[in-house]
Amino acid sequence: WVSGSVGIGNTANWNEDKAKTTWNFSPSIGYALDDALEVGLALGLDGSSKDDNSEFNFSIAPFARYTFLSEGDFSMFIQGNIEFAAYSEKNHNTGLTKKDIKGQGFGVRIMPGVKYTLTDNFAIVATFGSLYYEHQDFDPEYYNNVQNRFGCNIFSGLNFGLVYSF
């Protein structure tokens with residue numbers, strides 16, 4: 001099967017003049033090993049811009065998806081990703097100056113999801129929230145910083161996708 005999701009957003013804080021625009025495009029390909037277990041590969045492209053600052057991120061993530069509940073055309077699953085990423089940001093505000101930064105990282109993410117089968121070939125998939133660990137290592141030439149994050153964001157990160165099964 002092939003799938004993908006597209007998103008765009010605009011966030012403005014009450015105390016700031018300008019809004020931050022974000023976007024993402026995430027195609028994926030997968031294979032059903034049986035009725036409950038699927039494996040695949042997802043690509044991620046996303047970015048944001050605000051004033052003269054812009055970010056661009058690229059990721060590749062092999063994943064496994066286990067369907068634990070299936071009732072008619074509706075099913076629920078849990079998905080685990082191992083993510084590898086590259087980052088770049090123009091005009092990052094360090095507090096004193098603005099500079100361009102680059103870096104890379106990896107992470108592990110577990111997220112719940114739902115799937116609704118529309119026809120024999122098409123389905124709608126949604127994932128929401130995640131439990132994750134991320135490691136980001138920025139190039140010291142640009143920005144000497146290493147970040148390790150653990151998190152759980154149950155009520156954010158809602159993504160919808162359309163699946164075409166062969």
Side-chain angles (χ1 to χ4, degrees), residues 1-31 38-65 77-115 123-164:
W1 53 262
V2 293
S3 179
S5 64
V6 176
I8 190 162
N10 198 328
T11 306
N13 293 326
W14 66 272
N15 61 345
E16 295 181 3
D17 292 337
K18 301 266 182 158
K20 182 176 185 176
T21 302
T22 60
W23 60 270
N24 70 60
F25 173 65
S26 303
S28 59
I29 187 166
Y31 181 76
E38 301 174 40
V39 293
L41 184 68
L43 296 178
L45 301 168
D46 65 82
S48 66
S49 62
K50 180 178 178 182
D51 295 328
D52 63 346
N53 173 263
S54 64
E55 297 178 30
F56 178 76
N57 304 307
F58 169 79
S59 65
I60 186 166
F63 66 86
R65 180 182 292 175
F77 61 85
I78 192 85
Q79 180 172 313
N81 295 6
I82 300 172
E83 301 170 349
F84 304 93
Y87 316 97
S88 66
E89 183 177 356
K90 294 188 78 56
N91 294 316
H92 175 77
N93 188 349
T94 64
L96 300 174
T97 62
K98 291 186 175 186
K99 60 190 333 186
D100 295 349
I101 62 173
K102 293 182 180 181
Q104 59 281 330
F106 65 89
V108 177
R109 187 173 305 273
I110 298 170
M111 65 191 99
V114 294
K115 178 179 175 181
I124 296 173
V125 174
T127 57
F128 46 93
S130 66
L131 178 64
Y132 64 90
Y133 165 75
E134 294 176 339
H135 170 84
Q136 295 177 330
D137 187 8
F138 293 94
D139 187 337
E141 177 183 340
Y142 300 98
Y143 185 63
N144 193 11
N145 191 2
V146 174
Q147 298 176 358
N148 290 292
R149 290 183 275 202
F150 292 92
C152 180
N153 57 355
I154 297 300
F155 299 108
S156 65
L158 177 62
N159 289 298
F160 289 96
L162 184 64
V163 177
Y164 177 76

Trainee: Kindly indicate, with the supporting measurements, whether the criterion side-chain contact (heavy atoms from CB on, under 4.5 Å) is fulfilled by Phe160 and Phe128.
Mentor: CA-CA 9 Å; Phe160 289 96; Phe128 46 93; over 6 Å; no

Trainee: In this structure, is the centre-to-centre distance between the rings of Phe84 and Phe106 below 6.0 Å?
Mentor: no

Trainee: Rounded to the nearest 0.5 Å, what separation is found between the OG atom of Ser48 and the CD atom of Glu89?
Mentor: 7.0 Å

Trainee: Taking only residues two or more places apart in sequence or in another chain, which ones pass salt bridge (Lys or Arg N to Asp or Glu O under 4.0 Å) with Arg109?
Mentor: Glu83, Glu134

Trainee: I would like to know whether Phe25 and Leu43 meet side-chain contact (heavy atoms from CB on, under 4.5 Å); could you show each step before the answer?
Mentor: CA-CA 8 Å; Phe25 173 65; Leu43 296 178; over 6 Å; no

Trainee: Quick check: closest heavy atoms across Phe63 and Ser28, and the distance to 0.1 Å?
Mentor: CE2-CB, 4.3 Å

Trainee: Say you draw a straight line from CD1 of Ile29 to CG of Leu41; how long is it, rounded to the nearest 0.5 Å?
Mentor: 8.0 Å

Trainee: From Ile8 CD1 over to Asn24 CG, what is the distance, rounded to the nearest 0.5 angstrom?
Mentor: 9.5 Å

Trainee: What is the distance from atom CD1 of Ile110 to atom CD1 of Ile78, rounded to the nearest 0.5 Å?
Mentor: 6.5 Å

Trainee: Which heavy atom of Phe77 sits nearest a heavy atom of Ala126, and at what distance?
Mentor: CZ-O, 4.2 Å

Trainee: Using every non-hydrogen atom in the two residues, find where Ala123 and Leu162 come nearest and quote the distance to one decimal.
Mentor: O-CD1, 3.4 Å

Trainee: Roughly how far, to the nearest 0.5 Å, is CZ of Arg65 from CD of Glu38?
Mentor: 5.5 Å

Trainee: So which atom in Leu131 and which in Cys152 form the shortest heavy-atom distance, rounded to 0.1 Å?
Mentor: CD1-CB, 4.0 Å

Trainee: State the OG-OH distance between Ser3 and Tyr164, to the nearest 0.5 angstrom.
Mentor: 13.5 Å

Trainee: Please name the pair of heavy atoms, one in Tyr87 and one in Gln104, separated by the smallest distance, quoted to 0.1 Å.
Mentor: CE1-C, 3.5 Å

Trainee: I'd like to know whether Phe56 forms a side-chain contact (heavy atoms from CB on, under 4.5 Å) with Leu45, so could you lay out the CA-CA distance, the side-chain angles of the two residues, the decisive distance to 0.1 Å, and finally the verdict.
Mentor: CA-CA 7 Å; Phe56 178 76; Leu45 301 168; 3.8 Å; yes

Trainee: How close do Gly129 and Pro112 get, heavy atom to heavy atom, and via which atoms?
Mentor: O-CD, 4.0 Å

Trainee: Go through the steps to decide whether Asn81 and Met111 satisfy the test side-chain contact (heavy atoms from CB on, under 4.5 Å), and finish with yes or no.
Mentor: CA-CA 9 Å; Asn81 295 6; Met111 65 191 99; 3.4 Å; yes

Trainee: Taking atom OH as the centre, does Tyr31 end up with more than 12 heavy-atom neighbours from other residues, nucleotides or ligands that are less than 6.0 angstrom away?
Mentor: no

